[in-house]
Amino acid sequence: MKHLISAGDLGRDDALLILDTAEELARVSERSIKKLPTLRGRTVVNLFFEDSTRTRISFEAAAKRLSADVINFSAKGSSVSKGESLKDTALTLEAMGADAVVIRHSASGAPHRLATWVRGSVVNAGDGTHEHPTQALLDAFSMRRRMGRLEGLKVAVVGDVLHSRVARSNVLLLSTLGAEVTLVAPPTLLPVAVENWPCQVSYDLDAVLPKSDVVMMLRVQLERQNAAFFPSAREYSRRYGLDRQRFAKLHDDAIVMHPGPMNRGMEISAEVADSPRSTIVEQVGNGVTVRMAVLYLLLGGAIGGEVK
Ligand code: NCD
């Protein structure tokens, strides 16, 4: 495989190879000197057209730990604000010799188009409301580390599924890896044709919580909501927020996840977010390791083929 655009492109063996490679690379991240020479002389471009904290820094750290040269591009302050198209921006990067382009864009499908224009590998770091495959991989990695398995794990993904690329990529990847996903949201925040996704759907968080091993809370994406999807923030929290009372309904080993950034007090209370059973900070650390594995395997040509 040359690109990573959709979590659905990953078969079980490819997905497990990424997670297992990340597990090996995690040992490097625990050392005081965190660098490996693997991608020396290769160039990774981070092309960010949409705001990002975690994902952008995480890809940068991952590429640097593998000794790649990193070029960070953000649309603000670039010629994109002068109206330069994605294609011309891509061709400019091509001319600079990018071996991999990591792209985040507000348009669903932008990484797919980019892959037809550049010679290097394209990694989707979030395209509109479509997909975010490396987030799903780091979530699966974090779940496997905490729970010891993915097969048969019961995962509830809760909240603004409609606008969430994280939810879509997680459903695709987790179903490939044998976990059982239930999406929980008000009917207005579920995408059309969700019944065709490989998961269950529920409107009732209180009924799903006691049966879940993992609860993944999603950010309410107010910046993508062009209409009123729920009556008020307070009403949303009352029915779909994870607060202390609801947290108490989980079994003792269950964990709570969130991709960040959080709206504390809306989809998750501060107390739950900061509890020892929350993996939110761990997810960020695991993100670097998993992205190292993705860059290493894509640039080494080992996903979907022989290890070189
Ligand atoms: C997510 C994203 O950008 O899709 N965040 C992330 O990458 N960690 C989720 C979100 O914005 O809510």
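For the single chain, residues carry numbers from 1 onward in sequence order. Note that ligands are numbered from 1 as they come in the structure, with each ligand's atoms numbered from 1 the same way.
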* Asked: Salt bridge check: are E151 and R12 linked by an N-O gap of less than 4.0 Å?
  ->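 Yes, E151 and R12 are salt-bridged.
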* Salt bridge present between R264 and D274 (N-O < 4.0 angstrom) ->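 The answer is yes: the pair qualifies as a salt bridge.
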* Only one of Q245, R239, K249 clears side-chain contact (heavy atoms from CB on, under 4.5 Å) with D206; which? ->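 Among the candidates, only K249 passes.
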* Got a sec, which residues hit salt bridge (charged side-chain N to carboxylate O under 4.0 Å, His left out) with D243, two or more places apart in sequence or on another chain? ->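 By the salt bridge (charged side-chain N to carboxylate O under 4.0 Å, His left out) rule, D243 matches no residue at all.
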* To do: Specify the closest pair of heavy atoms between L250 and L209, including all atoms of both residues, with the distance to one decimal.
  =>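 L250 and L209 have their closest heavy atoms at CD2-O, 3.5 Å.
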* Around atom CG of D13, are there more than 12 heavy atoms of other residues, nucleotides or ligands at under 6.0 Å? ->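 No, CG of D13 has 12 or fewer neighbouring heavy atoms, counting only those of other groups under 6.0 Å.
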What does the contact table look like for ligand 1 (nitrogen or oxygen on each side, cut-off under 3.5 Å)?
unit_1, atom_1, unit_2, atom_2, d
ligand 1, 3 (O), R104, NH1, 3.3
ligand 1, 3 (O), R104, NH2, 3.2
ligand 1, 3 (O), R165, NH2, 2.9
ligand 1, 4 (O), R165, NE, 2.6
ligand 1, 4 (O), R165, NH2, 3.4
ligand 1, 5 (N), G260, O, 2.9
ligand 1, 7 (O), T55, OG1, 3.0
ligand 1, 7 (O), R104, NH2, 3.1
ligand 1, 7 (O), H132, NE2, 2.8
ligand 1, 8 (N), Q135, OE1, 3.4
ligand 1, 8 (N), P259, O, 3.0
ligand 1, 8 (N), G260, O, 3.2
ligand 1, 11 (O), R219, NE, 3.3
ligand 1, 11 (O), R219, NH2, 2.9
ligand 1, 12 (O), R219, NE, 2.7
ligand 1, 12 (O), R219, NH2, 3.4

